[in-house]
2 protein chains.
Amino acid sequence: MLTDRQLLILRAIVDDYIKTAQPVGSRTLSKRSDVTFSSATIRNEMADLEEMGLIEKPHTSAGRIPSELGYRFYVDHLIRPESISPQEAKALKSLFAHSVNENDRLIRHTADLLSELTHYTTLVLGPKEEGQRLHHLELIPLAEGRVVIVLVTETGHVEHKTLQLAEALSREAASRLMERLNQTLRGTPLSQLRLRLLEEIRRFRSEHSEQTTLLSKALDIVLTDQHEERPLIYLGGKANMFDQPEFQDVAKLRPVLELIEQQEALFDFLSPSLDNQILITIGSENNVDALKDCSVIRAHYSVDGVSLGTLALIGPKRMDYNRGINSIIHLLQAFQTELRKNNLD
Amino acid sequence: MLTDRQLLILRAIVDDYIKTAQPVGSRTLSKRSDVTFSSATIRNEMADLEEMGLIEKPHTSAGRIPSELGYRFYVDHLIRPESISPQEAKALKSLFAHSVNENDRLIRHTADLLSELTHYTTLVLGPKEEGQRLHHLELIPLAEGRVVIVLVTETGHVEHKTLQLAEALSREAASRLMERLNQTLRGTPLSQLRLRLLEEIRRFRSEHSEQTTLLSKALDIVLTDQHEERPLIYLGGKANMFDQPEFQDVAKLRPVLELIEQQEALFDFLSPSLDNQILITIGSENNVDALKDCSVIRAHYSVDGVSLGTLALIGPKRMDYNRGINSIIHLLQAFQTELRKNNLD
DNA sequence: TGTTAGCACTCACTTTTAACGAGTGCTAAT
DNA sequence: ATTAGCACTCGTTAAAAGTGAGTGCTAACA
């Protein structure tokens, strides 16, 4: 176990390093007001902390920096859930002053807010669509056999796609088919929609003996596509990466920025579900090579107990965990409140 | 005027520098197979070219690099419109092998293709929506007074927005209003839609004495919004910037990447209309500080004589203009063909 | 026994110096 | 007009020397 003094020193080292990005020496620490013992004592303690693997030195004659294990310990034991300042709390409330009606916009807005709040890059994984239920389907024939299909879920999420049919679909046929489909399919979860839709079209065809084979094929393709599509990922504050001293080197910066641009990779990284309310992964804990010098703070957002997506914050390992965690917690609250407003059934 | 030999030397310098990113010396040039004269002669000619402002030296004992004026001259007079190789032409054709029905996707796809083809970052300014005509309007009531409004243009472009009304709109009222609006407003250019829509709703209200004030207000807000919204900008190959030796320095890279993320700034930059088929701006000609070390190749795309948007290629001043221009020309052709297919009325 | 002062040692970082060489401009010979 | 020759420039690289922040260890101290 660590003594109180060791805890104090470890915390001081991490705090200092987070603030300055410079290795912290024993003399610097000894000058702090909350440190009553000498630099030599600190050196002794540091040697012990290093032996435990909590801190390390970049080279012989430098100060100490936290190791990954050190950050881990700091995050697990040394963070004090500093409550947000009153003015910040006020600011946070006013952020959502005017409601955002569409979830898409709301999410984008939230990503931007969080990055503004923390000065880190943010990722927001949008809700999975499979779970949502169909509210309305609309077929709108265009010229030359092109048809726009619009799908609205109960939460107001809108998807659309344009198909090309071999022959024009008449407005009447479209409206008849649509009316029928809406009657029977409303409330179907999107995950089942494809199967049920095909079935329904088949039935419709046999009853009306209309030529809807092509339409059904086209719809099938569309919905298959739909089904495989992953939730959107929204990014905020990409440029914040540039401000971090650890990413002044293009070689360090590049893999991170490249990863961030890849929806699929990000999705794979973010999608695993979390048990805890808040998950923090540090450096190699991310299991992604591009993020080996980064830390990620993640939180699930949910409405009425249903987990919908992920809110994440990405920065250097030397990120301000305290501020990050607090910001994400508070924003999460406000965000979920807004989201609930939009998701009333 | 420049002598043939000077032209040869200038072209050789630019070509070489584009390829190697290293200042070109007289000795290097004298070794080229198409150069029959000595390095001393080349030095004399170089001195003249430098006096004319076409080339410059980074420092006394370095070779020469093209000045902005030099690039300008090269682009205006020395580029040979090298026709694309047969295999590339074939590849280009197969790129659009399976049609993309939606313009949005088509544009995104094109941006990606162009960046793959050239290894530069690409920007595509989407078509202005104002000019498009309304094909169909759909009001879909959700729970709690929320209404999704979906707008489809004749080209199959879909916009949607969710509004919050003070009281629920009944399905019947919605469908009556919608039918009426579609009858009277189909074919209205989006630029006039707002005014005409308001008028129409007012008339509808007086005829049916229904409570649609709120709806009309909400629609007004939506459409105003819509109207002010700028065309989307699609990006391709952002990561290509990392490969350019001139952008290995974060200080150089940052402003460019930051600019690219700003829709508004990019819009202002790209939107001015072009007289020519292809416009090339070099360094300070861009009139944007962030792009002072970049060159941009732009081309308007249009269908049936109507200019719709811009296709652009962005790279270092030392970019391969020849390849860039050729790629953009050829892709432009294929892109417009696809676009025309989708825009049949 | 825990703490601290003192001191030799390490090593990144900075500055200095020197050597190198690619490239130039000029001059004189062809 | 062209070119060979040569002195000169200057960025680049490498080696050398100096600086200083920081450490580990030891011995003295409370």
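Every chain is numbered from 1, with letters handed out A, B, ... down the list of sequences.
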- Message: At less than 4.0 Å, is any side-chain N or O atom of B:S38 found next to OP1 or OP2 of D:dT3? Yes or no.
- Response: yes

- Query: Any N or O donor-acceptor pair linking the side chain of B:S61 to the base of D:dC10 at under 3.5 Å?
  - Reply: yes

- Separation of atom CZ in B:R43 from atom C1' in D:dA1, rounded to whole Å: 16 Å

- Item | 5' precedence on DNA chain D between B:T60 and B:R5 (nearest-nucleotide basis) | B:R5

- Item | Under-4.0 Å salt bridge between B:E258 and A:K238 | no

- Message: Both B:G63 and B:N44 contact DNA chain C. Which one's nearest nucleotide lies toward the 5' end?
- Response: B:G63

- Identify whether the distance between the nearest side-chain nitrogen and carboxylate oxygen of A:E246 and A:K317 falls below 4.0 Å. no

- A:I42 atom CD1 is separated from D:dG22 atom P, nearest whole Å, by 12 Å

- Going by an N to O cut-off under 4.0 Å, is there a salt bridge joining A:D320 and A:K19? no

- Would you tell me if any nitrogen or oxygen in the side chain of A:S26 comes within less than 4.0 Å of OP1 or OP2 on D:dG22? no

- Item | Rounded distance in Å - CD (A:Q22) to P (D:dG20) | 17 Å

- Within the structure shown, what part of the strands sits under 4.0 Å from B:R64 by heavy-atom distance: base, sugar-phosphate, or nothing? sugar-phosphate

- First contact, last contact: which nucleotides of DNA chain C are these for chain B, 5' to 3', heavy-atom distance under 4.0 Å? C:dA22 to C:dG25

- Query: Base, sugar-phosphate, or nothing: which does B:A40 touch, judged by heavy atoms less than 4.0 Å apart?
  - Reply: base

- Task: Output all residues satisfying side-chain hydrogen bond (donor to acceptor under 3.5 Å, both in side chains) with B:E50, sequence neighbours left out; order by chain, then residue number.
- Result: B:R64

- Query: When you look at A:D15 and A:Y74, which way does the side chain to side chain donor-acceptor pair (under 3.5 Å) test go after all the steps?
  - Reply: CA-CA 9 Å; A:D15 281 342; A:Y74 176 83; 2.6 Å; yes

- Query: Does A:R254 make a cation-pi contact with A:F247, if we ask for NZ or CZ under 6.0 Å from the ring centre and within 45° of the axis?
  - Reply: no

